[in-house]
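Notes for the one structure printed next.
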Amino acid sequence: MAVTVRQIEAFRAVVDAGTVNKAARSLEVSQPAVSRLINELETEIGFKLFRRQHGRVARTSEGDALYDVVRRAFIGLEQIETAARSLGSGETGHLRIVAMQNIADRFLLDVISSFGKQYPDVFISLEICSQMQVLDLLASQQYDIGFIMHPCASSAFQMEKFFVEDAVCIMPDGHRLARRPVVQMQDLADEPFIHFPKSAEFRLRIDDVFSIAGVERLNKMEARTNRSICAMVSAGLGVSIVALVDPHKPLQPGITVRQFSPSIPIEVNAVFPAGRFVSMITDRFFEYARKYRDQNIL
């Protein structure tokens with residue numbers, strides 16, 4: 001017969017309580033049951049654990065040595081229980097997020113910062129890359145949640161529309177169009193224009209709008225992110241159309257933001273790997289992001 005967990009529990013209870021009677025009460029069993037468990041344990045291991053002194057039990061030297069091992073083992077079990085409860089409550093764990101740069105700048109960095117303060121035991125990884133790379137990383141299940149600018153119909157993902165915003169026109173302060181509350185597409189005819197790269201989905205949408213209307217722009221430069229385009233506009237190198245701009249935060253000094261017509265709606269989507277259980281910490285983060293969206297964006 002091998003040593004049982006119940007025997008070890010009885011041994012620990014007797015040591016902690018000081019008497020067999022108190023140990024029995026803590027274990028909610030009879031005193032003879034505790035005595036039997038101790039006797040069985042001593043028989044199994046081949047040495048005495050206690051000796052009686054003035055109505056109490058005292059550990060033998062071998063009992064002292066065994067109790068040190070038992071105490072460390074139970075501390076480990078308690079730590080496991082604490083960790084398991086924390087994981088179950090969504091208050092600890094590793095959260096892996098991947099997103100496009102413009103989405104990170106628009107709201108995601110603020111959400112992560114606030115979430116990290118409220119849940120300091122959660123380790124957060126954030127990867128910034130293109131939409132195609134976001135989808136590749138999610139499809140390989142290297143990340144828990146992603147955010148992209150354009151919907152993608154694929155059985156490899158679960159997708160939820162997060163919010164929709166119209167693109168805006170940006171120009172240097174003092175530009176002739178800054179006096180207008182809404183910039184029309186025709187207003188940008190022959191204007192030096194700063195593009196996104198041709199590989200960008202958003203660039204294709206902008207080009208389609210102007211091409212259908214027959215409006216020509218003066219293609220001046222191109223850059224991949226809102227940050228870099230805004231720096232060029234601020235330097236007076238041209239105008240541009242960008243998406244996901246927080247109207248309550250200045251983009252950069254020297255930039256004026258105006259509504260653009262016709263509207264170019266940009267849809268932000270949250271994406272999860274299909275066929276994978278959404279962890280409690282991921283679910284809690286997404287709910288946190290929803291609340292931030294409802295209070296600060298919608």
Tell me whether [X] is salt-bridged to [Y], with the criterion being a basic N under 4.0 Å from an acidic carboxylate O.
{"X": "Glu160", "Y": "Arg290", "answer": "yes"}
{"X": "Arg203", "Y": "Glu222", "answer": "yes"}
{"X": "Glu287", "Y": "Arg284", "answer": "no"}
{"X": "Arg12", "Y": "Asp16", "answer": "yes"}
{"X": "Arg217", "Y": "Asp190", "answer": "no"}
{"X": "Arg106", "Y": "Glu165", "answer": "yes"}

Is the centre of the [X] ring less than 6.0 Å from the centre of the [Y] ring?
{"X": "Phe286", "Y": "Phe162", "value": "yes"}
{"X": "Phe115", "Y": "Tyr292", "value": "no"}
{"X": "Tyr119", "Y": "Phe285", "value": "no"}

| Which word best sums up how the rings of Phe196 and Phe202 line up, parallel for under 30°, tilted for 30 to 60°, or perpendicular for over 60°? |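 Ring orientation, 0 to 90° scale: perpendicular.
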
If only atom types and distance count, is the side chain of [X] paired as donor or acceptor with the main-chain N or O of [Y] below 3.5 Å?
{"X": "Thr43", "Y": "Asn39", "value": "yes"}
{"X": "Asn226", "Y": "Ala243", "value": "yes"}
{"X": "Asp187", "Y": "Gln184", "value": "yes"}
{"X": "Asp144", "Y": "Thr282", "value": "no"}
{"X": "Ser154", "Y": "Ala156", "value": "yes"}
{"X": "His195", "Y": "Pro197", "value": "no"}
{"X": "Ser234", "Y": "Gln252", "value": "no"}

| field | Tyr67 six-ring face occupied by Arg59 cation (under 6.0 Å, within 45°) | value |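 Because its charged atom sits under 6.0 Å from the ring centre and within 45° of the axis, Arg59 does stack over Tyr67.
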
Is there a path from [X] to [Y] through hydrophobic residues (I, L, V, M, F, W, Y) whose side chains come within less than 4.5 Å of each other?
{"X": "Ile8", "Y": "Phe47", "value": "yes"}
{"X": "Leu126", "Y": "Tyr288", "value": "yes"}
{"X": "Leu218", "Y": "Ile241", "value": "no"}
{"X": "Val257", "Y": "Val182", "value": "no"}
{"X": "Val3", "Y": "Leu37", "value": "no"}

Is any side-chain heavy atom of [Y] closer than 4.5 Å to one of [X]?
{"X": "Asp208", "Y": "Arg205", "result": "no"}
{"X": "Glu62", "Y": "Lys48", "result": "no"}
{"X": "Val183", "Y": "Met171", "result": "yes"}
{"X": "Gln259", "Y": "Asp166", "result": "no"}
{"X": "Phe107", "Y": "Ile297", "result": "yes"}
{"X": "Gln158", "Y": "Val271", "result": "no"}
{"X": "Val239", "Y": "Lys220", "result": "no"}
{"X": "Val98", "Y": "Phe147", "result": "no"}

| Distance in Å, Arg96 CZ paired with Ile281 CD1, rounded so as to fall on 0.5 Å steps |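 Spacing of CZ (Arg96) from CD1 (Ile281) equals 11.0 Å.
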
| request: Enter the distance from Leu188:CG to Cys169:SG here, rounded to the nearest 0.5 Å. | output: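 If I round to the nearest 0.5 Å, the distance is 5.0 Å.
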
| request: Show your working on salt bridge (charged side-chain N to carboxylate O under 4.0 Å, His left out) between Glu40 and Arg6 and close with a plain yes or no. | output: CA-CA 11 Å; Glu40 290 173 352; Arg6 194 60 172 163; over 6 Å; no

Distance-minimising heavy-atom pair for [X] and [Y]:
{"X": "Met100", "Y": "Ser130", "result": "CG-C, 4.2 Å"}
{"X": "Pro120", "Y": "Lys117", "result": "CD-O, 3.8 Å"}
{"X": "Leu138", "Y": "Ile145", "result": "CD2-C, 3.8 Å"}
{"X": "Val233", "Y": "Pro172", "result": "O-CG, 3.4 Å"}
{"X": "His150", "Y": "Gln131", "result": "O-NE2, 3.0 Å"}
{"X": "Pro273", "Y": "Tyr143", "result": "CG-O, 3.5 Å"}

| message | Could you go through Lys22 and Ser26, starting from their C-alpha distance and side-chain angles, then the distance that decides it, and tell me whether this counts as side chain to side chain contact (heavy atoms under 4.5 Å, CB included)? | response | CA-CA 6 Å; Lys22 291 181 180 179; Ser26 70; over 6 Å; no

| query | Between Met149 and Glu201, does a side chain to side chain contact (heavy atoms under 4.5 Å, CB included) hold up when you go through it step by step? | reply | CA-CA 9 Å; Met149 282 178 59; Glu201 176 72 21; over 6 Å; no

| request: Give a yes-or-no answer on whether the side chains of Ser125 and His94 include a donor-acceptor pair shorter than 3.5 Å. | output: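 Yes, side-chain donor-acceptor contact under 3.5 Å.
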
